[in-house]
Amino acid sequence: MAINGKVVLVTGAARGIGRGIALRLAKDGADIALVDMRKDKLEDVAKEVRELGRKASVFVADITDRAQVFAAVDHAEKELNGFDVMINNAGIAQVKALEEVTPEEMEQIFKVNVNGVLWGIQAAAAKFRARKQKGKIINAASQAGVVGNPNLMLYSSTKFAIRGLTQVAARDLAAEGI
């Protein structure tokens with residue numbers, strides 16, 4: 001799928017890998033919907049996207065909240081006049097010995113890294129269906145989701161889970177061109 005002229009939503013777009021993905025896709029001709037919880041940083045990235053000659057929209061959302069993810073997809077479609085690609089990139093990591101992980105840390109990291117991806121898959125698939133079009137959903141994993149890394153028990157576990165979600169979603173949605 002050529003990316004020129006497509007609308008791409010990137011979660012975790014305020015910095016790091018998400019910012020890099022957004023800028024690279026803008027260089028390749030995509031319009032970018034930037035989603036993160038850091039509005040000030042999102043505005044900076046949006047400015048960079050626009051300087052590349054592409055459209056950018058900013059939407060502040062907590063991806064652990066399913067309704068906010070669906071709202072972000074709706075916003076992208078409305079503001080950028082389309083919706084073609086969902087990149088579920090947002091995630092958090094923690095470096096800690098496995099015996100020190102607390103229930104609260106476990107819950108929070110899974111909510112961001114796994115639930116957030118699931119809500120993104122659901123929101124994108126629903127939008128593609130509503131638009132009666134094919135689409136792409138890309139879920140960021142990590143080599144830590146292939147080989148568990150020391151002191152990254154929670155992060156590695158979530159990235160293994162994302163690989164499973166992605167494989168099942170690919171099979172479930174393939175017949176629809178998603």
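- In the hydrophobic clustering of this structure, Val69 does not group with Val85; members are Ile, Leu, Val, Met, Phe, Trp, Tyr whose side-chain heavy atoms approach within less than 4.5 Å, directly or through other members.
- If you take CD on Glu48 and NZ on Lys27, they are separated by 9.0 Å, rounding to the nearest 0.5 Å.
- At a threshold of 4.5 Å between non-hydrogen side-chain atoms, the residues Ile87 and Val8 count as touching.
- In the hydrophobic clustering of ILVMFWY residues, with side-chain heavy atoms under 4.5 Å counting as a link, Ile17 and Leu23 come out together.
- For the residue pair Leu34 and Ala56, the shortest heavy atom distance occurs at CD1-CB, 4.3 Å.
- The nearest pair of heavy atoms linking Ser57 to Leu80 is OG-CD1, 3.8 Å.
- Looking only at side-chain heavy atoms (C-beta outward), Asn151 and Lys96 stay at 4.5 Å or farther from each other.
- You'll find the side chain of Leu25 reaches within 4.5 Å of the side chain of Ile32, heavy atoms only.
- Contact check on Arg24 versus Asp28 returns a salt bridge, with a Lys/Arg side-chain nitrogen under 4.0 Å from an Asp/Glu carboxylate oxygen.
- Minimum interatomic distance between Ala13 and Asp36 (heavy atoms only, all atoms of both residues): N-OD2, 3.4 Å.
- Under a 3.5 Å cut-off, the side chain of Arg54 and the backbone N or O of Val49 do not form any donor-acceptor pair.
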Pair Arg38, Arg15 - check side chain to side chain contact (heavy atoms under 4.5 Å, CB included), show working. CA-CA 9 Å; Arg38 298 169 192 88; Arg15 62 187 179 127; 3.0 Å; yes

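- Put simply, Ile3 and Phe83 are part of two different groups of oily side chains (I, L, V, M, F, W, Y) that touch within less than 4.5 Å, one to the next.
- With sequence neighbours excluded, the residues forming a side-chain hydrogen bond (donor to acceptor under 3.5 Å, both in side chains) with Glu77 are Lys127, Arg131, listed by chain and number.
- In this structure the side chain of Ile137 reaches within 4.5 angstrom of the side chain of Ile178, judged on heavy atoms.
- Listed here is the closest heavy atom pair of Ala124 and Met86: CB-CB, 3.6 Å.
- A salt bridge does not link Glu43 to Lys47: none of the charged nitrogens lies less than 4.0 Å from a carboxylate oxygen.
- Among Lys134, Arg171, Arg129, the single residue meeting the salt bridge (charged side-chain N to carboxylate O under 4.0 Å, His left out) criterion with Glu176 is Arg129.
- In this structure a side-chain-to-backbone donor-acceptor pair under 3.5 Å is missing from Arg163 to Ala141.
- Summarising the local packing, CG of Asp40 is surrounded by more than 12 heavy atoms from other residues, nucleotides or ligands at distances under 6.0 Å.
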Show me the donor-acceptor pairs within less than 3.5 Å that the side chains of residues 106-117 make with the rest of the protein, sequence neighbours left out.
from   : atom 1 : to     : atom 2 : distance (Å)
Asn113 : OD1    : Ile92  : N      : 2.8
Asn113 : ND2    : Ile92  : O      : 2.8
Asn113 : ND2    : Thr158 : OG1    : 3.0

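- The backbone N or O of Asn149 lies less than 3.5 Å from a partner atom in the side chain of Ser156, making a donor-acceptor pair.
- Not one N or O on the side chain of Ser142 forms a donor-acceptor pair closer than 3.5 Å with the backbone of Lys159.
- Cluster membership for Leu173 and Phe128, using ILVMFWY side-chain heavy atoms within less than 4.5 angstrom, is shared.
- No donor-acceptor pair closer than 3.5 Å links the side chain of Asn88 to the backbone N or O of Asn139.
- The side-chain heavy atoms of Glu79 and Val7, taken from C-beta on, include no pair separated by under 4.5 Å.
- Side-chain contact between Arg66 and Gln122 is present, with heavy atoms from C-beta onward closer than 4.5 Å.
- Residues Leu154 and Leu118 are members of one and the same hydrophobic cluster, defined by side-chain heavy-atom contacts under 4.5 angstrom among Ile, Leu, Val, Met, Phe, Trp and Tyr.
- Pairing each heavy atom of Val73 with each of Ala123, the nearest pair is CG2-CB, 3.7 Å.
- Between Val35 and Val58 the shortest side-chain heavy-atom distance does not fall below 4.5 Å.
- Within 6.0 Å of CG on Leu165 lie more than 12 heavy atoms contributed by other residues, nucleotides or ligands.
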Step by step, work out the side chain to side chain contact (heavy atoms under 4.5 Å, CB included) result for Met153 and Val101. CA-CA 9 Å; Met153 187 276 295; Val101 172; 3.9 Å; yes

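- The heavy-atom pair separating Ile121 from Ala169 by the smallest distance is CG2-CB, 4.0 Å.
- Two residues are said to be in side-chain contact when any heavy atoms from C-beta on lie closer than 4.5 Å; Val45 and Lys41 fail this criterion.
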